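None of these values were measured; they are calculated from a predicted model.
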Amino acid sequence: MVTLGVRRWETLADSVQGVNKRRNQDWYECRGAGTGESPLLLAVADGHGSAVHARSELGARFAVDRFMGLAAHFGRAAADCQEPGRLSRLMTYARDDFPRALVHEWRQAALGHWDRNRPVVEEASREPGTEEKVVLYGTTLIGAVLMPWLFVAWQIGDGDLAVVEHDGTLSRPLAPAEEDLGDETESLCGRDAWRSMRMHWAPVFEEARTPRLVVLSTDGLSKSFASADGYRSFVEGLAGRLAGEGGAGVREVLPRWLAEAARHSGDDTTLAAALRFARDAPEPAGAGGTEESTAAAAGAAEPDERKTETET
């Protein structure tokens with residue numbers, strides 16, 4: 001039997017600006033308890049940061065904000081959809097309608113900001129087209145909804161969703177079949193961006209099969225390792241330390257771990273993670289999952305797993 005009203009997750013999240021970056025282009029938020037009445041919502045976004053995407057730090061914030069609003073609505077709809085037949089209809093909505101709505105709302109936020117904050121230009125200058133305006137706000141996004149009977153996540157662009165399953169196995173369910181080359185990635189500012197959004201759909205029919213740990217991170221973290229094996233080792237190490245210490249001990253050192261990752265990758269580095277409480281365990285002091293964003297992040301690999309300075 002699934003317990004609906006008891007807090008089920010502890011959250012950790014933090015963000016560190018990349019070395020030599022003028023500003024942090026990432027944004028994140030964690031909200032909710034993971035119950036039927038209060039789904040846990042997680043999101044991280046990584047603004048592209050180049051001159052072509054000059055307002056991307058705002059685009060990242062808009063992406064997270066709009067995801068949170070739509071995900072909260074999705075959670076309310078999912079509260080009445082525990083039966084397989086109704087879950088099937090909800091999955092269709094999550095796969096098709098949710099990405100369309102998210103991209104539409106994000107574009108409206110970007111264009112609205114442009115209209116309120118037009119640059120000062122000469123009168124004879126050409127007005128940028130709609131797509132040119134939207135590109136200024138380009139960003140990636142990863143978002144997740146966790147409920148007692150459902151785990152669903154969406155991603156567009158780079159970054160990582162890592163899941164430590166109930167049996168300890170680690171997966172990256174939204175990893176693309178082929179990794180993006182260089183700095184090129186799918187983006188919310190792309191044409192028909194909703195078609196590029198990947199979805200992970202995982203009903204939880206038995207409480208014992210709920211994932212132990214869900215980690216969302218921007219690519220500043222995975223790029224700090226010389227290989228994908230280094231990133232996997234980091235997530236496994238993070239899971240082990242969280243299982244042993246809970247969030248309080250890890251929360252204290254995570255900003256330093258993230259800073260180390262940002263130093264090696266040179267990129268802004270952001271992580272939002274959700275740790276499942278052990279059944280019948282008391283809620284830890286200072287547990288996350290409140291209405292506000294919470295603090296902590298990632299980077300516990302051994303030094304030889306990190307990139308060298310010449311590899312960054």
Side-chain angles (χ1 to χ4, degrees), residues 11-30 42-51 53-61 63-64 138-143 155 157-162 172 175 179-180 182-185 187 213-239 241-242 247 249-274 288 293-312:
T11 57
L12 312 167
D14 205 352
S15 183
V16 171
Q17 183 173 315
V19 177
N20 298 324
K21 291 292 189 75
R22 293 177 55 194
R23 62 175 67 89
N24 191 337
Q25 305 283 338
D26 289 358
W27 198 255
Y28 71 92
E29 189 169 351
C30 307
L42 307 171
V44 299
D46 179 3
H48 301 325
S50 67
H53 309 287
R55 300 184 180 185
S56 62
E57 75 278 6
L58 295 170
R61 185 177 301 194
V64 169
T139 182
T140 67
L141 176 70
I142 309 172
Q155 178 172 356
D158 53 27
D160 296 275
L161 171 71
R172 294 175 58 208
E179 299 290 344
D180 294 318
D183 293 327
E184 293 187 5
T185 187
S187 172
L213 178 68
V214 176
V215 180
L216 285 64
S217 58
T218 59
D219 69 332
L221 178 58
S222 57
K223 288 195 308 186
S224 73
F225 299 96
S227 70
D229 289 340
Y231 173 76
R232 292 179 65 90
S233 295
F234 161 74
V235 175
E236 290 168 348
L238 177 63
R241 187 157 177 176
L242 284 168
V250 176
R251 186 174 285 111
E252 183 177 348
V253 296
L254 271 169
R256 186 168 74 248
W257 292 353
L258 273 186
E260 182 70 6
R263 184 176 73 84
H264 283 276
S265 69
D267 201 359
D268 306 326
T269 303
T270 300
L271 180 145
S293 299
T294 54
E302 293 300 319
D304 60 358
E305 292 177 323
R306 293 288 190 184
K307 288 185 176 179
T308 65
E309 294 299 328
T310 58
E311 290 176 313
T312 59

* To do: Evaluate side-chain contact (heavy atoms from CB on, under 4.5 Å) for T185 paired with T140, printing each intermediate quantity in order.
  => CA-CA 8 Å; T185 187; T140 67; 4.0 Å; yes
* To do: Report the C-alpha separation of L221 and F234 in whole Å, then their side-chain angles, then the decisive distance to 0.1 Å, and conclude whether the side-chain contact (heavy atoms from CB on, under 4.5 Å) test is met.
  => CA-CA 10 Å; L221 178 58; F234 161 74; 3.6 Å; yes
* After noting the C-alpha distance and the side-chain angles of L271 and V44, does the key distance pass the side-chain contact (heavy atoms from CB on, under 4.5 Å) rule? -> CA-CA 7 Å; L271 180 145; V44 299; over 6 Å; no
* Take Y231 and S217, measure what side-chain contact (heavy atoms from CB on, under 4.5 Å) needs, and give me the verdict at the end. => CA-CA 11 Å; Y231 173 76; S217 58; 3.5 Å; yes
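Between the CZ atom of R61 and the CD atom of E29 there is a distance of 10.5 Å, given to the nearest 0.5 Å. Going from atom NZ of K223 over to atom CG of D160 covers 11.0 Å, rounded to the nearest 0.5 Å. In this structure, CG in L242 is found 9.0 Å from CZ in R251, a value given to the nearest 0.5 Å. Annotation: the span from R23 atom CZ to Q25 atom CD amounts to 6.0 Å, rounded to 0.5 Å. We find the CG-OG1 distance between L58 and T139 to be 10.5 Å, quoted to the nearest 0.5 Å. The OG atom of S222 sits 13.0 Å away from the CZ atom of R232 when rounded to the nearest 0.5 Å.
Checked by atom type and distance alone, the side chain of S56 pairs as donor or acceptor with a backbone atom of G49 at under 3.5 Å.
Looking at D46, D268, T269 one by one, the single match for side chain to side chain contact (heavy atoms under 4.5 Å, CB included) with N24 turns out to be D268.
Side-chain contact check for D26 and T270: at least one donor-acceptor pair (N or O, by modelled atom type) lies under 3.5 Å.
Contact between C30 and A13 at its shortest, heavy atoms only, is SG-CB, 3.6 Å. Counting all heavy atoms, side chain and backbone alike, S15 lies closest to L258 at N-CD1, 3.9 Å. S265 approaches G220 most closely through the heavy-atom pair OG-O, 2.9 Å. The two atoms that bring A45 and A60 nearest to each other are CB-O, 3.5 Å, heavy atoms only.
Among residues two or more places apart in sequence or in another chain, the side chain to side chain donor-acceptor pair (under 3.5 Å) test is passed with Q155 by none.
For the pair L238 and W257, the minimum side-chain heavy-atom distance is below 4.5 Å. Side-chain contact check for L42 versus Y28: every heavy-atom pair is 4.5 Å or farther apart.
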